[in-house]
2 protein chains.
Amino acid sequence: MSQSSELPELDSPPRAVTIQDVARRAGVSTATVSRALALPDRVAVATREAVFSAIRETGYTPNAAARSLRAKSTKMVLVLLPGIGNSFFTPVLNALEEVFTEAGYGVLIGYTRQSRRRETHYARVIRAGQVDGVLVVTGNVPRDEEFASVPDTVPKSLMFSEVPGTEHISVFDVDNRNASAAAVRYLISQGHRRIAHIPGAEGGLEAQERLGGYCDALRDAGLPVDEALIWRGASNFDFASGDRAAARYFDLADKPTAVFAAADEIALGFMRALKNKGVGIPADVSVIGFDDTEYAIHYDPALTTMRQPRTEMGRLAASDLLRRMAARDGAVPTSKVRLPCELVVRESVRRLG
Amino acid sequence: MSQSSELPELDSPPRAVTIQDVARRAGVSTATVSRALALPDRVAVATREAVFSAIRETGYTPNAAARSLRAKSTKMVLVLLPGIGNSFFTPVLNALEEVFTEAGYGVLIGYTRQSRRRETHYARVIRAGQVDGVLVVTGNVPRDEEFASVPDTVPKSLMFSEVPGTEHISVFDVDNRNASAAAVRYLISQGHRRIAHIPGAEGGLEAQERLGGYCDALRDAGLPVDEALIWRGASNFDFASGDRAAARYFDLADKPTAVFAAADEIALGFMRALKNKGVGIPADVSVIGFDDTEYAIHYDPALTTMRQPRTEMGRLAASDLLRRMAARDGAVPTSKVRLPCELVVRESVRRLG
DNA sequence: CGTATTCTTGTAATCGATTACATCTACCGT
DNA sequence: ACGGTAGATGTAATCGATTACAAGAATACG
């Protein structure tokens, strides 16, 4: 519909319209077209108009590959997610996409699925210059040798994970240890003395920190840390892990009055299993979670939990990466930002005594 | 660590290693390097080895932009999502990423957020040749003029939406109307006669079809379709909409014994609101949902629902797109695939009488 | 042994933009 | 009126691969 009557092209091969076509039509050189687009005020008004109408008439859109090749910038970022079907990341991804798109950047997603093959694959994507920056959402980038080979000229950021010694990486996380301690302190403040913990999967740094915070809070309150009340064995931050932990609860003779789960989904799985067997929540057991996902508030009872500011972290991390990508050769230093968590009191914790 | 002792480069500007570097090091032409990579058996064994070790030593990775420019293929697909923070799409995205990555394609995501500006933006991404194919997950691509301007040479697919007259688009969906009718028939089979419906947001085609199915089933069973039992006003397939519908329930003098919600999240929101006021589910009201999201099974009571095969649809749609992208000039025709839904009976529906 | 065929490799054009540099015009001050 | 400067535009190199074509070497066949 665009290159209608003027040009007598036979459109068997519907060749895309290039800057050449626009230049010819506007009666200028390709350099002028390029300038009209990139720096409109370095080109005379009349010429600019001519170029723009030629663009409109031909329906021209600059070719991304050509532009990237020459300009050495793709205007794309890679967002790496662990990729378990976890809804925890939904708002994060939303925030990231929002900020990046607004700034004219495209978002390439990758699920690493803790598989080395996939990490290698994405390392290659980065080295191929396919993206201008990388945002790793919970993971262990720096551990991987493949990633070590990607040049530090590509800005990288990490979210939700605390990894030591990452000089060239911006980090956005929360103080998992202190936040967890605060959650447990809350239980203590409500009169609970016998408090169990369902940690996340071993190996995970966040899980470890949260367990640490749990122990800290108990010790600070002069309460014993009882291994029988630490129900390890989670495979992930998921329902199934909470479900499994319930077995530990039922096995126990001297039951706790409260449970701190390392994640909302674990808490929900646990609660579900207990309710199934007629255990009342919070009547018989109080439960507190971590994250404040969408489902925490809609569950019955609504889950009391420690909120992570996921959307805000996404926004901050994206903005930071944007800033660093825009700066030539690392003029902008990396950031280490630790955001505060917030206790959200709902219905799953009962005051004792 | 790679270009260590041999080459006396000063690495102030850490220029990326190119095919030229590899060629020089292996003592061959760039053409040979390219061939060794793309068609290994068209190059002599000895040469191939030389090339590969040169690649290994230099840590070479082909530049994506250069490759795309010349080969006119980016090995990327654009996945467009509506982008509400809906967990419905999580497994879909998972499946898509899985299949595409496996095939060597990158996944660019875009949230349209029903905003014209964003749709325009993504239309431009396509026209810029940034992707080889497009997968729209629930949306109205064809309606938009911008999209009309993207050439049909870019394979496009649509998931979960039924849009008439889309010649050049593959469609993967379910029979929303019949599946809904089946859900309602199930309620009827359990002895329910007075059945309400919470439709999805107006305007949405799926929502409309599901409402249609609800009416069909009632009529087929000789039951009246009562407008007082159709609780419109959903803004989305979300909790809040279910919550709002609950008000309608309480307003009603002659209450229904069962409710068919157009989506699980609506059902969950509705159930939550009822339970809050002491209404028993399924003791007092039976509820059936649609989708079978992760949360349906973990709720209390576990939600009886009509499952959409989200992962399977994702896999099929991705494979189809892959096939069409691989074929030069539309040799592979588009598909229209309609997958079956499946009733998942759990705890939220009670047998009457 | 000479020609035809197959293998292997190199040369150079090409993809479609951006941009350094050159050129030309117009306007400025003295 | 003339050298100087600013402004507008064009020329052509360049980004880093792929690939058509050509050429040379090796093998086959009569």
Side-chain angles (χ1 to χ4, degrees), chain A residues 13-52 54-55 58-75 124-125 127-130 132 151 153 328, chain B residues 13-52 54-55 58-76 124-125 127-130 132 153 328:
Chain A
R15 204 179 49 76
V17 18
T18 75
I19 199 172
Q20 304 272 3
D21 303 323
V22 176
R24 204 172 312 129
R25 186 164 193 126
V28 298
S29 74
T30 62
T32 300
V33 175
S34 182
R35 269 183 227 116
L37 247 27
L39 324 100
D41 21 75
R42 304 206 84 54
V43 74
V45 188
T47 318
R48 199 194 307 159
E49 304 275 272
V51 169
F52 283 149
I55 289 177
T58 54
Y60 167 70
T61 305
N63 178 285
R67 190 197 286 258
S68 300
L69 177 57
R70 181 63 226 244
K72 297 198 169 313
S73 148
T74 58
K75 291 286 187 175
R124 191 163 301 140
V125 167
R127 287 214 315 270
Q130 215 157 125
D132 294 346
T153 42
R328 52 269 125 219
Chain B
R15 205 178 49 76
V17 18
T18 73
I19 199 173
Q20 303 271 3
D21 303 322
V22 176
R24 205 171 310 130
R25 184 165 194 125
V28 299
S29 74
T30 63
T32 302
V33 175
S34 182
R35 269 184 226 117
L37 247 26
L39 325 100
D41 21 74
R42 302 206 86 54
V43 74
V45 187
T47 318
R48 199 194 306 160
E49 304 275 272
V51 169
F52 283 149
I55 288 178
T58 54
Y60 168 71
T61 306
N63 178 284
R67 190 198 287 259
S68 300
L69 177 58
R70 180 62 227 241
K72 297 195 170 312
S73 147
T74 58
K75 291 286 188 177
M76 296 220 281
R124 192 163 300 140
V125 167
R127 288 213 315 270
Q130 213 156 129
D132 293 347
T153 43
R328 52 270 125 221

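Keep in mind that what you see is a predicted model, and the values were worked out from it rather than measured. A note on names: the letters A, B, ... follow the listed sequences, proteins ahead of strands, and every chain is numbered from 1.
- Of the listed nucleotides (dC15(D), dA17(C), dA17(D)), dA17(D) has the atom at the smallest distance from the side chain of Pro62(B).
- Side-chain contact between Leu69(A) and Asn63(B) is present, with heavy atoms from C-beta onward closer than 4.5 Å.
- OP1 or OP2 of dG16(D) has not a single side-chain nitrogen or oxygen of Thr18(B) nearer than 4.0 Å.
- With a 4.5 Å cut-off on side-chain heavy atoms, Leu37(B) and Ser34(B) do not count as touching.
- Across residues 37-50 of chain A, Val43(A), Ala44(A), Thr47(A) each have a non-hydrogen atom less than 4.0 Å from an atom of DNA chain D (numbered order).
- Residues Ala66(B) and Arg35(B) each lie close to DNA chain D; by heavy-atom proximity, the contact nearer the 5' end of the strand is made by Ala66(B).
- At least one side-chain nitrogen or oxygen of Thr32(B) sits closer than 4.0 Å to the OP1 or OP2 atom of dG10(C).
- For the pair Arg67(A) and Lys75(A), the minimum side-chain heavy-atom distance is 4.5 Å or more.
- Taking every heavy atom of both residues into account, Thr74(B) and Asp132(B) meet most closely at N-OD1, 2.8 Å.
- Here Arg70(B) does not reach the OP1 or OP2 of dT14(C): none of its side-chain N or O atoms lies under 4.0 Å away.
- Side-chain atoms of Asp21(B) and Thr58(B) include no donor-acceptor pair closer than 3.5 Å.
- Ser34(A) has a side-chain polar atom (N or O) that falls below the 4.0 Å cut-off from OP1 or OP2 of dT18(C).
- Distance CG (Asn63(B)) to C1' (dT14(C)): 16 Å, rounded to an integer number of Å.
- Atom CZ in Arg127(A) sits roughly 13 Å away from atom P in dA17(D) (whole-Å rounding).
- The side chain of Tyr60(A) contributes no N or O atom lying less than 4.0 Å from OP1 or OP2 of dG16(C).
- The CZ atom of Arg42(B) lies 14.0 Å from the OG1 atom of Thr47(B); values are rounded to the nearest 0.5 Å.
- Side-chain proximity of Arg67(B) to the nucleotides dT18(C), dT18(D), dG16(D) is greatest for dT18(D).
- Val33(B) comes within 4.0 angstrom of nothing in the nucleic acid, heavy atoms only.
- With contacts defined as side-chain heavy-atom distances shorter than 4.5 Å, the pair Val43(B)/Thr32(B) qualifies.
- For Lys72(B) and dG16(C), the shortest distance from a side-chain N or O to OP1 or OP2 is below 4.0 Å.
- Separating the CZ atom of Arg124(A) from the P atom of dA17(D) is a distance of 14 Å, rounded to the nearest angstrom.
- If you take CD of Gln130(B) and P of dA17(C), they are 13 Å apart, rounded to a whole angstrom.
- A straight line from CD of Gln20(A) to C1' of dA12(D) spans 12 Å, rounded to a whole angstrom.
- Residue order along DNA chain C, read from the 5' end via each residue's closest nucleotide, puts Gly27(B) first among Leu69(B) and Gly27(B).
- The distance from atom CD1 of Ile19(A) to atom P of dC15(C) is 15 Å, rounded to the nearest whole Å.
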